[in-house]
Amino acid sequence: MLFPCTDIGERPKSEFRWGGYLDDSAASQEDAVCAPEWRRHLWGGKPGGVQGEWWFHHPSEQWYIGFRDAASERFVTLEPAQACLARQREGGTR
Amino acid sequence: MPLQLLKYGLGQRRAPVLPAPRALGSGYDVVIIGGGGHGLATAYYLAKNWGVRKVAVLEKGWLAGGNTARNTTIIRANYLSNAGVRFFGKSVELYRTLSSELDYNIMFSPRGHLTLFHDDGGKRTARWRAEQNRLNGVHSEVIDRQAVARLCPQLNMREDVRYPVLGALYHPGGATARHDAVAWGLARRASEMGVEIHTQTQVIGMDREGGRIARLHTNRGTLRAGRIVQCVAGASPALAQMAGFDLPIRVVPLQAFVSEPVKPVLDPIVVSGNLAVYISQSARGEFVMGGEIDAYPCVSSRSSHDIKEDMMGPMLELFPFLARMKLLRQWGGIADVTQDYSPIMGPSPVQDYFLSAGWGTMGFKAIPAGGYAMAEMVATGRVPDLIAPFSLERFSTLSLVGERAAAAVGH
Amino acid sequence: MSPKRLFRLPEPWGSRLDRATPVAFHFDGRPVSGFAGDTLASAILADPRHGDFLARSFKYHRPRGPLLANGMDANQYVTLDGTPNVAADGTRARDGAQVRSQNVAGSLARDRGALLGTLARFLPAGFYYDTFFRPAGSWPFWERIIRRVAGLGRLDPTLDAFGPEEPEPEKHHLFSDVAVIGAGVAGLSAALGAAREGREVILIERDEALGGRSAFARLSPAQRRDLAALIAQVERHPAITVLTSTTCAAWFEGNLLTAHARERYYHVRARHVIAAVGSVEQPLVLRNNDLPGIFLASSVNRLMAGYALCPGRRCVVQTANRFGYETALALAEAGCTVLAVLDMRAQPVDAALEAQCAALGIAVLHGLSVVEAHRAGQHLGAVSARSLDANGHPTGPVTRWRCDTLVCSVGFTPLVQLACHSGGEAIYDTALSALRITRSPRNSSVCGSLNGIYDFDAVCQDGQRAADVACGKPASLRPEPAREPVNFPWTVFPHRKGKEFVDFDEDQTIGDIETAVQAGFGHMELMKRFTTTGMGPSQGRTTALNALRVFAGASGQDLAHLRMTTQRPPFEPEPFANLAVDTSPPQRRGALDRWHRENGAVMMPAGAWLRPAHYGGEGDEEGSVEREVRAVRARAGLFDASTHGGFQLAGRDALALLNAAYVQDFSDLACGATRAGLMVDELGAVIDDCVACRLDADRLYLVTSSAAAAATNRTLRKLIVEHGFDVTVCELQGAMSVLNLCGPQARAIIAALWPAHAGELDALALHGFCQCTLEGIPAIVLRGDFVGETTFEFHVGSGFALTLWNRLLAAGAPFAIRPFGVLAQRVLRLEKAHFIIGQDTDHATGPDDIGKGAAVAMDKPYFLGRSAIAKLRTKAAPAKALRPFCLDASQRQAPEECRLLEGPGGVIGRVTSAAYSPTLGRVVGLALLDDPAAAAGTVRLWGAQAAGAKVRFLDHAPYDPAGERQA
Ligand SMILES: Cc1cc2nc3c(=O)[nH]c(=O)nc-3n(C[C@H](O)[C@H](O)[C@H](O)COP(=O)(O)OP(=O)(O)OC[C@H]3O[C@@H](n4cnc5c(N)ncnc54)[C@H](O)[C@@H]3O)c2cc1C
């Protein structure tokens, strides 16, 4: 399977390592310890549908953020995490 | 030739394993969502141990066609946590007599189970498990290279390889069984006792009223249930969301592989944690192999090449002569994995809605004990001690039942 | 032995043979002579010294002749030079080979296992589910017996991985615009079409030559010319890479094809895939349909045209399409007597073919089918045929022919498997009475028989259409060729005495499928599982169609709604050896690896690395560890700690990054100072530690544990992007080497070696560091404390490691310095009660559990795992405790690590580390206690054997508790 990165083109899946769901590790949520958020924060993604995920690209040692449909395994986008988060910070929606 | 075989050949046919389909009723005392091993075992023990017989099992596909039909059938009790060892120990005990109990040969075969170690970290884990096993009444022991070579002379014992075999955790009670037969035997006995099994029946929606589920919608109609048990493995987060809550479960593909059949040469089940591979040889002569879960969430049970290839290098290091074998088939299942590699059994945030989930890569061996305890809980409304540590709550209180060291590879 | 039926035809039959070159090998110990180009099977079957079959079936040990004759099924499996389950009809004969029949008890001709066939009524599908388990626990007994008869070939575990002539396989990665699977007429046309449009094409063909079925078929002279031209053009075209004898095994997501050749494993990635894999002929299902002497027409064509092998002399041909006629004509031309062509179709369809038959004196009868085969010895002796009514039921009187050969051509199944691996869909097309691909995977197309097209010219055209699609041209440019019905809908003739085989690999019959349906297995997948139909090596290629038909009949379900069972890779059994190429886990070796080995080190695995355990050579581990420990305590030792994780952090937010990653507060870490850090995961468990050296305002050097280095690298980088820190990370594990000089003489050695730097180094406080250049070697020198003696850690680029190591050893020689290994280091650190993460902690051990709670800076707004720690601290249960302990001096044997400890009230924890300390003359260790309070009482090793070993807990390190030796 090939992962379509916006900056480095299509790369084989074996070069990547999954690194959790996007809303997983947002530091802002770290203190939200009421049960459901806590659980989602640590382990849960949405069951199905497109969701944001972290991917570590070994050869370039870069983090990517991908939006992927877990059922079809297809990416909607896969871009360097820095760019993706910067856009989010600017208030733009994904 | 055993007498039964003679009788069988002389035309004494028995009741069908799976009764003919019938109309879906409008209400049941208990509705079990998911007709895999856990759903069926829960139904069976509800009927048998608690006389609860107005039970329907709803299965969206063909009977037990989920992970119960796809696993590598390893049964063992050599876990790490006290709760885990006790629970799986009970399950192995129930398995031992399940053939006669179900009057169906599930081919329970205690072949012995070796968890190899190749470094001192592995040895430490093996020792820890052996101690915890003994503490909880399960037999396993740490054995040295020579003993490993005696139990499994086919292993490559050379020391100049990447991961030389230093020893193993030996669990004589480790076994395999025929996975389909377990489901079929349970299904037949359960339906003989009045349980209705509806295949091609998918739960597609739920009406939640006053903290409980008032109605279940399926592709074959709507029904009410006194109590609901969710046993849907890879669909666990999706069903929970239908019922209105989240589960700390990640859904990941897990794959397995079989070779062409050859005359049996390999007796025990062999697992290597360092190398992330395991293998056994079935009564048909096929080598049944597997490795780790795919490292990322995915809800399709497709096959891939990388896990297969990554597994094969280490496999041939352990068993060089297998280089002459050919791989016949590969497939995948969708494993429902929790953070601590232990299952979730117990009540849920929804009233009268019970969970049996998080079976991940290791739930086949748990089918009898899981069903046994779930049935007791559903029938009595009390959580049996055996499964109390596996509550959903443990994730909010961080009282986890850590099994990663004992469950990540050796399913 | 019965008279030999199969025989060699003269030239020009045998296009694959080179009759000038003989090949000699052995089958079951007896010589075989064939020609170069022969398969093992064709040579054996052609040799008059051998019988008419060379294998027996899986369950009933029935003699089996060639089925597909191309290596795609298990009916010609043999053991070749010790390798079991080799398809004799798919493997070239080679000189000197030792070929053996397999799965026979006794001899191939007289197999005691065949007795099982006579017991068949006692062994219907799934019989074992209802038997062999009473009395309780008796299954293992029966299983042992069953395991003896299970399996096909025999694998000898003492054999080497590879035979003497077999080179190790290699892996190739290929890329192309278009990959075409199958080099029949469809694939050749498609490949050429795409190449002519300027595409790079890879053409994959499992057979050894191009042409597919047509290479053996009866073609018109014009078609023969076209085929030759097509092949020549493909072979010559510079943009087409042709891979013959290469089987595509799987088609994965994203158009990744994996393919196997004898010594090669290919990964082929293509933008567009064209599946032109053709079809395989399907057997008739009738009593004794597996007898040697019964052939598929396409197999006969292949054997005759390719290998000059004639199936027999008195033949009956059963057909429902033109291929049967063509084969009958070929047989007649080869000199066989064709007794009759029986055409299942009620009316003549192809007048020309019938006329040709008539011209050769071959009788053609319509509306008739063979419904039973009769044996003569182990071979076909006669067939019985009856008329068929409109529903395919036999009616009327039986006609019987004595014959030695029955050739059948009553239908084909396209090889839909590959397309199905990757999301394609196949259905039963009731108009064609055949399986057909209705949806092909993304970026792919299918052509030829996958579309139900068989006519030579139509197939060419369909191949070109596929090429158009692959090149983005509208497919409608060319007309869609007509589908040709080659399948007869009724091919199943049950017999009251059974033995009508649906699955030749697994010996499953009509009755077995009916048994399954009666037992309630009313779904194809369940039926498959219950009967094992389709689970053998041919993976349903020759069974799927007939199984569907039998199942539909038995269960009363409509064929149009049934689906075949899920198709899974591989397409054909694939060699383990190929899959394994380059996938052994990598081994990392440090810069000093060679020195260690040359100087008596016994190496031990440590994660991805190999490290010196000790330097005493094999044999005396205990003694050498003791000598190394004593050297460090009394004089000096040198330790290679190069596997440490190392990072350089540069940027304005370097300290902020540490604050986010580690539990401690680094805000006030001064330039030139160091601080230890502890990293926890989201669950609050300790996963790594570090020493951070602040090199200057914006740069940090971070030393971390070896095992977690890769994970820590990811964590640091993730935190940087999450928080938008201005830091860059450079990961240095392996790039930097770390040499630890330890012991009371360490200062003296430094003074001797680098007088110029002695002052600076000497002045370093414990945990202090400095940067200096030591005789041309730039280094960061740290005062560490792990082993509890004066320690200088030299962090240098790995290129300098050996030079520095040798200098240190040379300068230490007067002080009798010793290199010491991991084992001695562990003893030394235990004497000082230093823990190792991952050994003395586990997945559920937090900072509070190892006495590091005070280091956790909860007043920081954020660090990794902060909320987990907060949560854990609200729990009622007390934290665990990691405590040093020692045993009585009388106890020299260290308890095994991870032994449990027992207090008055039961088990209270476990030993995480333990070793005999030569320095203290007793065993010392660390224990992780779930119940620290219980440590006050009498604590012993748990478990009968060790009763008596009393454990004494200490409040301080066993050795040098005040740390005076590191002043
Ligand atoms: C490759 C592989 C190897 C494994 N190896 C082992 C092993 O060696 N040992 C071991 O102990 N375990 C092993 N396991 C794990 C084991 O297979 C599972 O944990 C176990 O089978 C789970 O049983 P179950 O009844 O919970 O799930 P399943 O058998 O998956 O049953 C769940 C059922 O729920 C149905 N369902 C889902 N959604 C709905 C809905 N909406 N409505 C109705 N029905 C629905 C599904 O169709 C499915 O049949 C392995 C798993 C895999 C995938």
Side-chain angles (χ1 to χ4, degrees), chain B residues 2 4-5 8-9 14 16-19 62-63 65 97 99-100 104-105 107-109 118-119 124 127-128 131 135 154 162-163 180-181 260-265 283-285 302-305 308-310 312-314 316-317 320-331 398 400 402 404, chain C residues 83-85 121-122 127-134 136 139-140 143 146-147 150-155 157 159 161-162 250 252-253 258 518-521 523 525-526 529 537 568-570 573-577 579-580 583-585 587 605 683 843-844 868 871-872 896-900 907 910:
Chain B
Q4 306 130 20
L5 191 55
Y8 194 84
R14 311 177 44 187
V17 178
L18 309 176
W62 41 280
L63 188 84
T97 53
S99 286
S100 23
Y104 202 67
N105 189 358
M107 301 180 203
F108 179 78
S109 173
H118 311 264
D119 60 18
R124 231 173 276 127
R127 165 65 55 202
W128 191 10
E131 294 276 290
L135 180 63
Q154 298 80 14
R162 173 67 182 85
Y163 279 110
D180 292 326
E260 286 192 322
V262 284
K263 302 283 173 207
V265 287
R284 276 171 60 82
R302 52 99 187 92
S303 299
S304 71
H305 66 94
K308 172 170 68 177
E309 293 164 10
D310 290 349
M312 201 54 87
L316 295 192
E317 182 167 311
F321 68 99
L322 289 183
R324 293 166 179 265
M325 288 301 300
K326 280 179 274 160
L327 190 128
L328 181 58
R329 199 163 47 242
Q330 69 178 109
W331 66 89
L398 288 188
L400 303 186
R404 191 193 308 212
Chain C
T83 301
N85 300 1
R121 76 181 284 207
F122 299 104
F127 70 96
Y128 27 73
Y129 295 123
D130 281 302
T131 48
F132 298 127
F133 63 94
R134 268 170 300 228
W139 167 247
E143 191 191 21
I146 289 173
R147 277 174 88 89
L152 285 168
R154 191 176 300 284
L155 183 62
L159 284 181
F162 299 99
F252 293 108
E253 169 72 34
T258 56
Q518 277 155 18
F521 296 101
H523 190 282
E525 294 282 358
L526 288 169
R529 285 160 174 277
R568 305 190 188 285
E574 49 186 348
F576 280 20
L579 296 173
T583 64
S584 287
Q587 173 96 71
L683 296 173
H843 294 300
K871 188 95 201 170
L872 288 165
E896 282 151 308
E897 290 165 344
C898 284
R899 288 284 303 272
L900 299 183
V907 167
R910 70 179 192 279

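Residue numbering restarts at 1 for every chain, and letters A, B, ... go by the order of the sequence lines. Here the structure is a predicted model, which means the values were calculated and not measured.
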Stepwise side chain to side chain contact (heavy atoms under 4.5 Å, CB included) check, C:R899 with B:R127: CA-CA 7 Å; C:R899 288 284 303 272; B:R127 165 65 55 202; 3.9 Å; yes

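- Heavy-atom distances place no part of C:A844 under 4.5 Å from chain B, backbone and side chain included.
- For the set B:P314, B:A283, B:P261, the count of heavy-atom pairs under 4.5 angstrom toward chain C peaks at B:P261.
- Of the listed residues (B:G402, B:S109, B:G285), the greatest number of heavy-atom pairs within a distance under 4.5 Å of chain C belongs to B:S109.
- Interface check for chain B: of the options C:E574, C:R568, C:H523, the most heavy-atom pairs under 4.5 Å are formed by C:E574.
- Of the listed residues (B:L63, B:V265, B:D180), the greatest number of heavy-atom pairs within a distance under 4.5 Å of chain C belongs to B:D180.
- Take C:S584 and apply the side chain to side chain contact (heavy atoms under 4.5 Å, CB included) test, not counting sequence neighbours, and it matches B:E317.
- Here the closest heavy-atom approach between residue B:P16 and residue C:G520 is recorded as CB-N, 4.1 Å.
- Atom-to-atom distance recorded for C:T83:OG1 and B:F321:CZ is 12.5 Å, nearest 0.5 angstrom.
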Going through the checks in order, is the side chain to side chain contact (heavy atoms under 4.5 Å, CB included) test met by C:I146 and C:W139? CA-CA 10 Å; C:I146 289 173; C:W139 167 247; 3.7 Å; yes

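- The residue among C:T258, C:L526, C:T583 with the most heavy atom pairs within less than 4.5 Å of chain B is C:T583.
- Here CD of B:E309 is found 8.5 Å from OG of B:S304. Values are rounded to the nearest 0.5 Å.
- Atom CG of C:L579 and atom NE2 of B:H305 lie 11.0 Å apart (nearest 0.5 Å).
- Residue contact with chain B, scored on non-hydrogen atoms closer than 4.5 Å, involves the side chain of C:E143 exclusively.
- Heavy atoms closer than 4.5 Å to chain C are found in the side chain of B:Y163, but not in its backbone.
- Between chain C and the residues B:L328, B:D119, B:L322, the most heavy-atom pairs under 4.5 angstrom are made by B:L328.
- Inter-residue side-chain proximity for B:L327 and B:M312 is flagged as met; some heavy-atom pair is nearer than 4.5 Å.
- Put simply, of B:G65, B:P19, B:S99, the one with the most heavy-atom pairs under 4.5 Å next to chain C is B:S99.
- In terms of heavy-atom pairs under 4.5 angstrom with chain B, the leader among C:P605, C:P140, C:P570, C:P84 is C:P570.
- Annotation: maximal heavy-atom pairing with chain C below 4.5 Å, among B:H118, B:K308, B:Q154, occurs at B:K308.
- Proximity to chain B (any heavy atom under 4.5 Å) is restricted, for C:R910, to the side chain, taken from C-beta onward.
- When each of C:P575, C:A250, C:A580, C:P569 is scored by its heavy-atom pairs under 4.5 Å with chain B, the top score falls to C:P569.
- Minimum interatomic distance between C:L900 and B:E131 (heavy atoms only, all atoms of both residues): N-OE1, 2.7 Å.
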